[in-house]
Asker: 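Starting off with a structure, shown below.
Here the structure is a predicted model, which means the values were calculated and not measured. Counting starts at 1 for both ligands and their atoms, in listed order.
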Amino acid sequence: MSAATADSAQQVLERCDVLAGISAAADGIERSYLTPEHARTNWTVGEWMAAAGLTPWQDAAGNLRGTLAGPTQDAPILLLGSHLDTVPGAGRYDGILGTLMAIAVVGRLRERGVVLPFCLEVIGFADEEGTRFGRTLLGSCAVAGTWQESWWYLRDAHGVSLHDAFVAFGLDPARVGEASLRGRDVIGYLEAHIEQGPLLQDADRALGVVEGIMGARRFELEMVGEAGHAGGMPYGRRRDALLGASEVVSAVETLARDAGAIGTVGRLHAYPGAMNVIPGRVEFSLDLRAQTDALRDEVWGEIEEAALKAAAARHLSFEVNELHAARATEVAPSLAAAVETGIRATGDAEPLRLLSKAGHDAMAIADLCDYAMLFIRCKDGISHHRDEDVRADDVALALDAFEAAVLAVAHAHA
Ligand code: HGY
Ligand code: MN
Ligand code: MN
């Protein structure tokens, strides 16, 4: 690894620290879609894009885009990037590292005077996590041309619609289609991202090549019974919504694990929420993922059946509101081969192939073009947590690998 690469990695990590300071939360990192923090981040990262020789601009969906012209006006486009938004209580590398690495690689290629047979476009996607409106991949769906009109009615926790948030951010909902690259000559999309799991660390590898991304569905679920007195109401006459929901939460783990899928209930609110009142209503979330959409949907059917049974036994009602679905996707062999070439260029002769259990913007971009991903080891697999961490030498190796992957794509298109 060259000293220049080590310096480049150091700069990327320092920039991750700068962005970690842009947060809506007094304690911890939180940046969500169409907020002042989103705007400040786009401004800050746009400056770094310009310093790398990219022309930064914000698209009609609020994504940050940076363009490096190709050899001709009609040259095809290679997309690089990741996302700049976060979950609440986030780490400082999920999405951010990949976006800043893409900018760094463009800068390195320009410094070396490399002329590519295509235009490069780096994208800092604006809403991969779905933190504010529940539905994820909004920014990347806009670029892929799969934006749905029904999404304008999505509301955040304060009741603000996506439409009104768009307008307040200075965007015109009627022009969201202008963010799309559909119909353009796009070669593909390469994304570098922390693994968000422990497999690379367990295998003592710095880097890995992604084989595909699990399909996902997200739901808001509700159990409705009847609030009552915690003392006077006999057990036999209770309609306790929290006990019903609790049976579902346990069933999610059992049914998902038995089937080789992954189910998580990340949020649960019991109402009215007083210590001496039997919960009459419970709202809870379900994040469900599996390697195939068929398996994912089969497990959802089993969970729904278990929930209806639990509700019937306790004289409760069970309501479902599906917020999000993203199909399982596979990488393009030719682009994955370029990523493997990149990893081999760092001295790892047998790149480890991994299925991504985490979702990524690449899932949405897969509706537009081919994609591949480079994974970077993260400490103990921790992510979506302030202790998310990476090693500087792994980031340096990742920069070398990502640059070599871009050059491998260029070679294939020469
Ligand atoms: O939820 C995920 O897998 C991603 O971090 N949005
Ligand atoms: Mn994430
Ligand atoms: Mn991410």
Asker: Look at the N, O or S atoms of H83, main chain and side chain alike, and state whether any lies under 2.8 Å from the Mn ion (ligand 3).
Answerer: yes

Asker: Short list, please: which atoms of ligand 1 are under 4.0 Å from a heavy atom of E128?
Answerer: 4 (C), 6 (N)

Asker: So is D287 polar-close to ligand 1, meaning N/O to N/O under 3.5 Å?
Answerer: no

Asker: Looking at ligand 1, does any of its N/O atoms fall within less than 3.5 Å of an N/O of K357?
Answerer: no

Asker: Using ring centroids (six-membered ring only for Trp), state whether H38 and Y33 fall under 6.0 Å.
Answerer: yes

Asker: With the Mn ion (ligand 2) as the reference point, give the N/O/S atom of E129 that is nearest.
Answerer: OE2

Asker: Does either side chain, that of Q58 or that of N63, offer a donor lying less than 3.5 Å from an acceptor on the other one?
Answerer: no

Asker: For R218, counting its heavy atoms only, list the atoms of ligand 1 lying under 4.0 Å from any of them.
Answerer: 1 (O)

Asker: Taking the six-membered ring for Trp and the full ring for Phe, Tyr or His, determine whether the centres of F133 and W151 are under 6.0 Å apart.
Answerer: no

Asker: To check your reading of the model: name the closest protein heavy atom to atom 5 (O) of ligand 1, its residue, and the distance in Å.
Answerer: H384 NE2, 3.0 Å

Asker: Can you confirm, on distance only, whether ligand 1 has an N/O atom lying under 3.5 Å from any N/O atom belonging to A358?
Answerer: no

Asker: Aromatic rings W152 and W147: how do their planes relate, parallel, tilted or perpendicular, breaks at 30° and 60°?
Answerer: tilted

Asker: Would you say D400 and T346 are linked by a side-chain donor-acceptor pair, where the criterion is simply a distance under 3.5 Å?
Answerer: no

Asker: How does R289 reach ligand 1, by side chain, by backbone, by both or by neither, if only non-hydrogen atoms under 4.0 Å count?
Answerer: side chain

Asker: Heavy-atom contacts under 4.0 Å between H360 and ligand 1: side chain, backbone, both, or neither?
Answerer: neither

Asker: Taking the six-membered ring of Y271, is NZ or CZ of R281 closer than 6.0 Å to its centre and within 45° of its axis?
Answerer: yes

Asker: Nearest to the Mn ion (ligand 3), which N, O or S atom of D94 do we find?
Answerer: OD1

Asker: Can you name the N, O or S atom of H193 that is closest to the Mn ion (ligand 3)?
Answerer: NE2

Asker: Side chains of S23 and E30: donor-acceptor distance under 3.5 Å anywhere?
Answerer: no

Asker: Using a 4.5 Å cut-off on heavy atoms from C-beta on, say whether the side chain of L374 contacts that of H193.
Answerer: no

